[in-house]
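Some notes on the structure that comes next.
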Amino acid sequence: MTVSGHRLDPRQPLVVDTHELGRRPGSMRRVTKTVPAPENLGTPVAQVPPGSDIVLDLRLESVMEGVLVTGTAQATLSGECGRCLEPVTDELEVDLQELFVYSDERLRGKPGSGSHNGAGVADEDEEPKMVEDLFDLEPTLRDALVLEMPLTPLCNEDCGGLCAGCGARLDDVEPDHSHELADPRWAALAQLRTSAAGTTEEN
Ligand SMILES: [Zn+2]
Ligand SMILES: [Zn+2]
């Protein structure tokens, strides 16, 4: 019997081999390693740069159903300040916890799983599984990091943002920075004219 087309490649940096851990419940092993960040890890406002270092400190514990993984991941975050648009870099540390169940254990627990019952199949796909002695930490790592990413990254908590009149970064200009024509109605009108002009140019 073969594992249905879902083999894991032990050379992938986020695929962890539990061969040395064994399957005796209670045995433990610590794994620390630095892996390159996978592509497209982040949100529209903050990302872990692809290839940057992610430091993993994991504890693998053999339990009845599979391998329980707990630990931390440290990654570098880069994004844009939500107020002034300056580049922001930050360190992010997240907790990881996941139970990877043995595939054979799973089959035994669900007799007659040959049927194509929609709900049942979806459930199985959600469950992180061991493939032989290997598991893939990537989905767990992604979920944990994305969950902890700031919705609005800031260059600092007190960032003053941008001047509505000229777009200058307010932290970089004199405290009494102001404009003669600060009347918002004029600013709105000027903006309308600019966008109207833009439209005409296109035609
Ligand atoms: Zn800022
Ligand atoms: Zn200004």
Side-chain angles (χ1 to χ4, degrees), residues 12-16 30-60 68-100 126 128 135-203:
Q12 289 292 312
L14 284 164
V15 170
V16 179
R30 192 168 172 215
V31 174
T32 52
K33 62 176 181 169
T34 301
V35 298
E39 302 276 330
N40 303 317
L41 175 48
T43 66
V45 295
Q47 297 84 35
V48 178
S52 66
D53 285 353
I54 297 182
V55 180
L56 299 174
D57 186 350
L58 308 174
R59 197 183 73 149
L60 312 186
L68 178 65
V69 179
T70 51
T72 58
Q74 280 175 281
T76 305
L77 207 59
S78 87
E80 219 172 49
C81 174
R83 293 184 196 150
C84 74
L85 312 181
E86 282 287 295
V88 176
T89 352
D90 206 355
E91 291 293 318
L92 191 63
E93 178 170 324
V94 295
D95 291 327
L96 303 172
Q97 179 167 4
E98 194 81 81
L99 173 65
F100 294 89
E126 296 281 324
F135 66 83
D136 184 5
L137 190 66
E138 184 171 330
T140 305
L141 180 67
R142 279 183 183 277
D143 289 354
L145 284 168
V146 168
L147 202 67
E148 289 295 317
M149 284 183 184
L151 294 175
T152 308
L154 295 176
C155 61
N156 72 72
E157 292 293 317
D158 304 322
C159 173
L162 301 175
C163 170
C166 69
R169 191 168 173 265
L170 289 175
D171 290 4
D172 295 339
V173 295
E174 297 297 317
D176 60 349
H177 177 85
S178 67
H179 297 273
E180 294 287 324
L181 296 170
D183 188 325
R185 284 169 299 178
W186 287 114
L189 190 61
Q191 203 146 30
L192 273 178
R193 282 194 179 129
T194 316
S195 45
T199 319
T200 342
E201 267 174 10
E202 274 174 36
N203 292 341

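Counting starts at 1 for both ligands and their atoms, in listed order. The first residue of the sequence shown is numbered 1, and numbering continues consecutively from there.
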Side-chain donor/acceptor of R169 to backbone N/O of L85, under 3.5 Å |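 No, R169 side chain to L85 backbone: no donor-acceptor pair under 3.5 Å.
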Degrees at the Zn ion (ligand 1) between the SG atom of C84 and the SG atom of C81, nearest 10° |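 Taking the Zn ion (ligand 1) as the apex, I get 110° for this pair.
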C155 atom SG and C159 atom SG as seen from the Zn ion (ligand 1), angle to 10 degrees |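 Value, to the nearest 10 degrees: 110°.
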Check V88 against E80 and note the closest heavy-atom contact, atom names and distance.
->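 Looks like CG2-C, 3.9 Å.
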What distance separates Q97 CD from L68 CG, expressed to the nearest 0.5 Å?
->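 It is 5.5 Å, given to the nearest 0.5 Å.
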Taking 4.0 angstrom as the limit, do R30 and D57 come out as a salt bridge?
->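 D57 and R30: salt-bridged.
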Looking from the Zn ion (ligand 2), what is the angle between SG on C166 and NE2 on H177, to the nearest 10°?
->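 Roughly 110°, rounded to 10°.
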